[in-house]
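For reference, the structure is listed below as structure tokens.
Labels below follow one simple rule: chain letters A, B, ... track the order of the sequence lines, proteins then strands, and each chain is numbered from 1. All values below were derived from every heavy atom in this structure, side-chain atoms included, with hydrogens, water molecules and symmetry-related copies excluded.
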2 protein chains.
Amino acid sequence: MKKLESAGHSIYFETELAPLMKVIEAEKYSKIFVFADTHTSELCLPLFREMMDDFNGFDLIETDPGEENKNIDFCIGIWKTLLDFGADRKCLMVNLGGGVITDMGGFVASTYKRGIDFINIPTTLLSQVDASVGGKTGIDVDNVKNMVGTFTLPQSVFIETKFLKTLPQRELLSGFAEMIKHGLIVDRTYYNDLKSSNYLQISAQAIYRSVEIKNEVVTEDPHEKGLRKILNYGHTIGHAVETYSLINDTQPLTHGEAIAVGMICEAFLSSNNNTLSADDLKDITDYISTLYPAYRIKEDSFKQLLEFMQSDKKNENGQIMFSLLSTIGKCDYNCRVSEKDILESFAYFNRIYS
Amino acid sequence: MKKLESAGHSIYFETELAPLMKVIEAEKYSKIFVFADTHTSELCLPLFREMMDDFNGFDLIETDPGEENKNIDFCIGIWKTLLDFGADRKCLMVNLGGGVITDMGGFVASTYKRGIDFINIPTTLLSQVDASVGGKTGIDVDNVKNMVGTFTLPQSVFIETKFLKTLPQRELLSGFAEMIKHGLIVDRTYYNDLKSSNYLQISAQAIYRSVEIKNEVVTEDPHEKGLRKILNYGHTIGHAVETYSLINDTQPLTHGEAIAVGMICEAFLSSNNNTLSADDLKDITDYISTLYPAYRIKEDSFKQLLEFMQSDKKNENGQIMFSLLSTIGKCDYNCRVSEKDILESFAYFNRIYS
């Protein structure tokens with residue numbers, strides 16, 4: 001059992017939710033809402049109840065699962081539900097689920113009556129190592145990911161690996177991409193540890209290290225004015241590929257699969273436009289392309305991908321900005337890359353599988 | 001020319017917008033958007049341009065005027081417009097207008113890509129003395145006022161009495177209600193000064209004093225955990241009356257007219273449930289009822305008014321909470337009042353005009 005102190009809130013590890021009951025009692029909340037999707041309410045809510053000694057003093061707000069439901073219409077529905085339940089400013093929202101639930105639940109809570117407390121219990125590997133820390137909330141508008149949101153810290157975060165047992169392998173692999181990223185941008189030793197581990201048997205220790213890395217970065221730069229941008233490594237191209245896939249592929253990529261594509265492309269850019277060595281580029285390319293399923297960035301998607309990148313939140317003055325590795329374990333931000341180089345990185349990626 | 005330093009931002013008085021150009025240059029914004037309704041873009045935008053030496057380096061985002069348009073649908077429209085214009089995180093939104101524009105523009109800016117800078121140029125007396133300070137942004141959902149919003153400070157605020165010349169008398173009277181409130185809750189001398197003044201010729205000095213009072217209160221308690229609630233004097237009943245009137249009256253009350261009703265009712269409650277003297281109650285009742293048009297709280301609206309009050313943001317655990325005067329110039333908060341007493345205050349109010 002461990003606890004990480006982040007800016008203004010605590011992140012609890014493997015506590016079987018014991019401190020949660022204490023928080024609820026200490027803060028004297030007027031009402032407690034558990035926000036989950038139909039999927040997590042079926043699979044994770046029983047585990048939640050079990051750890052909470054059959055605690056029943058909450059109302060459940062359910063939503064449909066999936067990124068396509070992380071939109072403003074669902075938010076309006078939840079705001080109205082809170083109002084119908086007589087939720088005042090002293091109520092608490094417990095977000096139980098993956099990134100969609102913690103992102104959208106956090107946004108709803110941070111704006112309902114100008115803000116109520118919320119607690120995140122991430123139940124996927126992806127949300128445990130990524131969405132749980134840093135205070136980003138958000139929803140998609142017009143398929144643009146997190147176009148609207150706030151920076152608001154949860155009251156606390158609870159990470160329980162027990163929930164991961166409910167996950168399909170593909171979801172574990174998705175979250176694992178963010179862990180690889182943490183190694184690549186900050187800690188070569190951790191990256192090498194991950195390489196020799198099995199993503200189906202992730203240790204609580206590895207999750208802790210990922211959260212620790214993210215926490216260090218976001219505490220230094222909470223509002224992404226500078227350093228925090230290194231967490232976007234793999235995400236400039238990755239997000240565009242993810243958005244494209246969500247719209248066009250019959251079996252869309254998971255977030256992590258898209259970020260895996262992005263990390264390889266941006267490793268190429270790191271070598272081309274920054275100081276990443278050819279050996280490191282080969283190391284990253286070989287490892288990620290072996291671990292993740294083959295993919296092809298279609299030629300006729302190139303234009304649209306560039307358009308998606310144009311609306312990336314890191315951009316300034318119309319210039320697409322990248323976070324690029326200088327070596328494995330170190331990352332720079334605000335790197336300018338030309339469209340020509342981006343297209344070359346797509347070609348590099350496609351050559352892996354040709 | 002004066003400048004008030006508020007928490008993290010400056011409030012400029014009667015500067016002819018001179019510092020605005022400097023802020024724009026210093027912050028190197030990627031784009032500038034002026035947000036206005038069709039009404040203020042006709043009446044106030046020419047004055048804005050004049051003071052800004054015909055500055056033209058902005059895109060205008062226009063909306064329809066009126067509280068009924070301060071809703072989520074308009075927000076979605078503005079978010080999408082920003083995206084269409086290629087607005088990145090380094091752009092600036094200048095909100096030029098009354099409270100609807102500064103509330104909604106502030107909400108849109110505080111959530112677009114998790115927050116862009118915004119500057120408020122309040123053009124009505126109401127928004128100058130009330131909405132300009134304190135960092136509250138908000139929109140209405142299902143006719144519930146400011147059900148959704150954030151606490152986000154503007155980059156800066158500019159108060160120019162020149163804009164007030166565009167206002168009809170009724171709008172001046174509306175804003176004047178908030179000034180009276182500032183006197184009632186904090187400063188008896190200021191209240192007496194207002195009583196002997198003419199609301200059609202409000203001095204910049206009086207506006208400055210109101211902003212100063214509000215600034216002192218919100219700086220001490222930015223997130224309305226305690227003291228800030230005194231600013232809600234007159235607003236628990238006033239907001240309910242305003243909401244009811246907006247839905248039911250062919251000529252709805254202005255905000256200030258509704259708050260005038262609320263201040264009289266809550267003066268009665270201050271006398272009944274707190275220590276306000278009979279003389280002070282008479283003073284407040286006589287002054288406000290003479291200044292503001294006659295109104296009747298209809299018997300068949302009582303139930304609905306109580307329901308509206310139930311969803312007031314200050315409430316905790318289902319109990320309607322009031323901010324009540326202990327004397328003219330002093331206000332307590334978190335005062336519990338029974339429904340019976342609220343109904344008696346309605347009866348007291350209606351007797352004035354019978």
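- Between the side chains of H9(A) and Q155(A), no donor N or O sits under 3.5 Å from an acceptor N or O.
- For the pair D88(A) and K113(A), the salt-bridge criterion is not met [side-chain N within less than 4.0 Å of a carboxylate O].
- Of the atoms belonging to V141(B), it is side-chain heavy atoms, and not backbone ones, that fall under 4.5 Å from chain A.
- Contact detail for V241(B) and A258(B): the closest heavy-atom pair is CG1-CB, 4.3 Å.
- Two rings, from F33(A) and F85(A), have their centers less than 6.0 Å apart.
- Of the atoms belonging to V144(B), it is side-chain heavy atoms, and not backbone ones, that fall under 4.5 Å from chain A.
- At a 4.5 Å heavy-atom cutoff, T152(B) makes no contact with chain A through either its backbone or its side chain.
- Looking only at heavy-atom pairs under 4.5 Å with chain B, the residue among Q310(A), K90(A), K136(A) that has the most is K136(A).
- Side-chain N or O atoms of R89(A) include none that pairs as donor or acceptor with a backbone N or O of I116(A) at under 3.5 Å.
- For the pair E224(B) and K229(B), the salt-bridge criterion is not met [side-chain N within less than 4.0 Å of a carboxylate O].
- Using a 4.5 Å heavy-atom cut-off against chain A, the contacting residues of residues 66-76 of chain B are I72(B), I76(B).
- With a threshold of 4.5 angstrom between heavy atoms, T150(A) approaches chain B through its backbone and through its side chain.
- Contact check for E178(A) versus I259(A): side-chain heavy atoms found under the 4.5 Å cut-off.
- Heavy atoms closer than 4.5 Å to chain B are found in both the backbone and the side chain of K80(A).
- Remark: R114(B) engages no residue in a salt bridge (Lys or Arg N to Asp or Glu O under 4.0 Å) (not counting sequence neighbours).
- Under a cutoff of 6.0 Å and an axis angle of 45°, K31(B) and F58(B) do not form a cation-pi pair.
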